[in-house]
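Below: one structure, written as structure tokens.
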Amino acid sequence: MKLLLDTHLLIWAAEDIREVPKAARKPMADPDNELFFSPASIWEIAIKFGLGKPDFQIDPRLLYRGLLDNGYEELSITTNHTIAVVSLPAIHKDPFDRLLIAQATVEGILLLTSDPTVAQYPGPIRKV
């Protein structure tokens, strides 16, 4: 199964796996699953890291390298992903999360999220 991880899951997986909800650890550890990350998450981390936000104290360059070194695949952002954002209901205003939702929907990849607001969207999304 293909899994797209939301931004916080990526940070927690890199900083302290014990922070990752138990419901996400099993599918993340399953060797039959393919783990993906979005450049939107790295972009969000870069912006918030640069602003000194307390939840984003991981260097985005190190995170990116670590994700690749640990077998995660980068899910490129396409024009179809950006266009799909317009079709999403106005449940959540965060542009990074909305792009992750659109990517998961367009690609048919299960988005794992810890955000209950993101989990309200229809489509391939699972709250963990």
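Sequential numbering from 1 along the given sequence is applied to the chain's residues. Just the heavy atoms: all of them, side chains too, but no hydrogens, waters or symmetry mates, feed the values below. As the structure is a computational prediction, the values presented were derived from the model and not from experiment.
Counting only distance, with no hydrogens or angles, the side chain of Arg25 and the backbone of Arg18 share a donor-acceptor pair below 3.5 Å. Without hydrogens or angle criteria, Asn33 side chain to Pro27 main chain gives a donor-acceptor distance under 3.5 Å. The closest donor-acceptor contact from the side chain of Asp97 to the backbone of Val118 lies at 3.5 Å or more, if one exists at all.
Residues Arg126 and Leu111 fail the side-chain proximity criterion, which asks for heavy atoms closer than 4.5 Å. The closest side-chain heavy-atom distance from Pro21 to Leu9 is below 4.5 Å. Side-chain atoms of Leu100 and Thr7, non-hydrogen and from C-beta on, do get closer than 4.5 Å to each other. Between Thr105 and Tyr121, every side-chain heavy-atom pair lies at or beyond the 4.5 Å cut-off.
Judged by distance alone, the side chains of Glu74 and Tyr64 do bring a donor and an acceptor atom under 3.5 Å apart. Gln120 and His92 form no side-chain donor-acceptor contact under 3.5 Å, judged by distance and modelled atom types alone.
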Would you check, one step at a time, whether the test side-chain contact (heavy atoms from CB on, under 4.5 Å) holds for Leu63 with Phe37?
CA-CA 11 Å; Leu63 176 61; Phe37 68 93; over 6 Å; no

Where do Ile83 and Thr79 land on the side-chain contact (heavy atoms from CB on, under 4.5 Å) test, with the steps shown first?
CA-CA 6 Å; Ile83 291 170; Thr79 301; 3.6 Å; yes

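Counted within 6.0 Å of NZ on Lys2, heavy atoms from surrounding residues, nucleotides or ligands total 12 or fewer; the atom is thus considered open. Around atom CH2 of Trp12, more than 12 heavy atoms belonging to other residues, nucleotides or ligands sit under 6.0 Å away.
Residues Asp69 and Arg65 are paired through a salt bridge, judged by an N-O separation under 4.0 Å between the basic side chain and the carboxylate.
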